[in-house]
Amino acid sequence: MTQVLFDLDVLRSFSTGVALGSYARAADKLGRSTSAVSAQLKKLESQAGTPLLRKAGRGLELTDAGHTMLAYAHRLLEINEEAAAAMRGADLEGWVRLGLQEDLGENLLPGVLGRFARAHPRLRIEACVARSAELRERMALGQLDLALIWEVEGAEPLPHTERLVRLPLQWIASAGPEAVEAPWWAERLGAGPRRSKEPLPLVLLDAPCPLREIVTRVLDRAGIPWRHAFTSASLSALWAGTSAGLGLSARTSFGLPRHVRVLDRAGTGLPALPQIALAMACAQAEPAAPVARLAALLREAVRDSVGVPGPGLVRAGGVSAAA
């Protein structure tokens, strides 16, 4: 049987077209003619032995095989980039001091550390997982080279900051079956048949916590009484309290554990919560090569996790038929 060797250049054209929503735009981005990109797609489908795209209205959409091929294309291109980065930074050595908040550390750090270590085995990362106030203080004191921090209103701005993504805050409830079958919050908010006079129980981090202030301010403006049912300095303890049904919490949907869930506000009377931005702060305007490389990996991991379109990421919806 003839061995199939997929061309990385062809895979890049394929994934770029999906990410941009148009193979005509992909051709412009890659510096190719549309006919050349079309020829590449035909070659890829021939090698795959099955259609990867099908007509959908005026555009195209991925087939099941196309989705599978796209996932492999991302992996192969990522490995290629990792190998190239390893060669470029083979001689890099030293330390990078990284700061993250707890929810980011649990979800981003393992994958990013693995890629970074494989590409730069002589570099070491000193990670500090802490709350926003401590990370800001460490950045101000020059104790961190790089930090991922949730931006909050009124906080002292950090120098050399890049906003990566904005995400809406969500009401978080237990994912247990009892929480779904018996929506106790409905009575407290007047969405059920009876309205309780008891205040809404909240599960939030200890003060000082900017998010805690945001949530209580939103409830006050909506005229909804509340009480702190469970507080902790630990995010894992906060998830445990929420999972146990002690009350509602509020975070973004980024990195939620399985035993809690985003609450659908429909019919609950809960007010909408604002958006919050995740920012990357660098100690230097022009960071050293190790810091810049780690920043690039973190940037990619964040945008991949939340589905923000970017190089190699999939945009929701179909692909323009123009190719």
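The analysis underlying the following values was restricted to heavy atoms, covering all of them including side chains, and did not include hydrogens, waters or symmetry mates.
Put simply, the side chain of Ser38 gets close to the backbone of Thr34: a donor and an acceptor are under 3.5 Å apart. No donor-acceptor pair closer than 3.5 Å links the side chain of Arg212 to the backbone N or O of Thr231. Of the possible polar contacts, one joining the Arg261 side chain to the Ser174 backbone as a donor-acceptor pair under 3.5 Å is found. Under the 3.5 Å distance criterion, the side-chain polar atoms of Gln47 are matched with a main-chain donor or acceptor of Leu5.
A salt bridge between Glu102 and Arg131 is absent, with no side-chain N of the basic residue lying under 4.0 Å from a carboxylate O of the acidic one. Using a cutoff of 4.0 Å between basic side-chain nitrogens and carboxylate oxygens, Lys43 and Asp9 are not scored as salt-bridged. A salt bridge links Glu134 to Arg138: one of the charged nitrogens lies within less than 4.0 Å of a carboxylate oxygen. Taking a cutoff of 4.0 Å between a charged side-chain nitrogen and a carboxylate oxygen, Arg166 and Glu151 do not qualify as a salt bridge.
A donor-acceptor pair shorter than 3.5 Å cannot be found between the side chains of Trp95 and Asp145. Defined by atom type and a distance below 3.5 Å, a donor-acceptor pair is present between the side-chain atoms of Ser13 and Gln40.
A heavy-atom distance below 4.5 Å is found between the side chains of Trp226 and Thr216. Contact annotation: the side chain of Gln101 approaches that of Leu135 to within less than 4.5 Å [non-hydrogen atoms, C-beta and beyond]. The shortest distance between side-chain heavy atoms of Leu146 and Leu298 falls below 4.5 Å. Taking 4.5 Å as the limit, some side-chain heavy atom of Ser15 sits within range of a side-chain heavy atom of Leu70.
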| Working for side chain to side chain donor-acceptor pair (under 3.5 Å), residues Ser232 and Ser234 | CA-CA 5 Å; Ser232 173; Ser234 164; 4.7 Å; no

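With values rounded to the nearest 0.5 angstrom, Arg299 atom CZ is found 10.0 Å from Leu294 atom CG. Rounding to the nearest 0.5 angstrom, the gap separating the CZ atom in Arg251 from the CG atom in Leu167 is 11.5 Å. Leu30 CG to Thr16 OG1: the interatomic distance, rounded to the nearest 0.5 Å, is 4.5 Å. Note that the CD atom of Glu45 and the CG atom of Leu52 stand 4.5 Å from one another [nearest 0.5 Å]. Interatomic distance, Phe6 CZ to Tyr72 OH, rounded to the nearest 0.5 Å: 10.0 Å. In this structure, CD1 in Ile214 is found 12.0 Å from CG in Leu219, a value given to the nearest 0.5 Å.
Under the 30°/60° scheme for interplanar angles, the aromatic rings of Phe254 and Trp150 are found to stand perpendicular.
Residues Arg54 and Leu62 approach most closely at NH2-O, 3.8 Å, considering heavy atoms. Taking every heavy atom of both residues into account, Ala229 and Leu246 meet most closely at CB-O, 3.5 Å. Heavy atoms only, all atoms of each residue included: Leu148 and Met280 are closest at CD2-CB, 3.8 Å. Residues Leu204 and Ser249 approach most closely at CD2-OG, 4.2 Å, considering heavy atoms. Considering all non-hydrogen atoms of both residues, Ile224 and Pro271 come closest at CD1-CD, 3.6 Å. Taking both residues in full, the closest heavy atoms of Val218 and Ala272 are given as CG1-O, 3.7 Å, listed atom of the first, atom of the second, then distance.
One hydrophobic cluster, built from ILVMFWY side chains closer than 4.5 Å, holds both Leu144 and Ile149.
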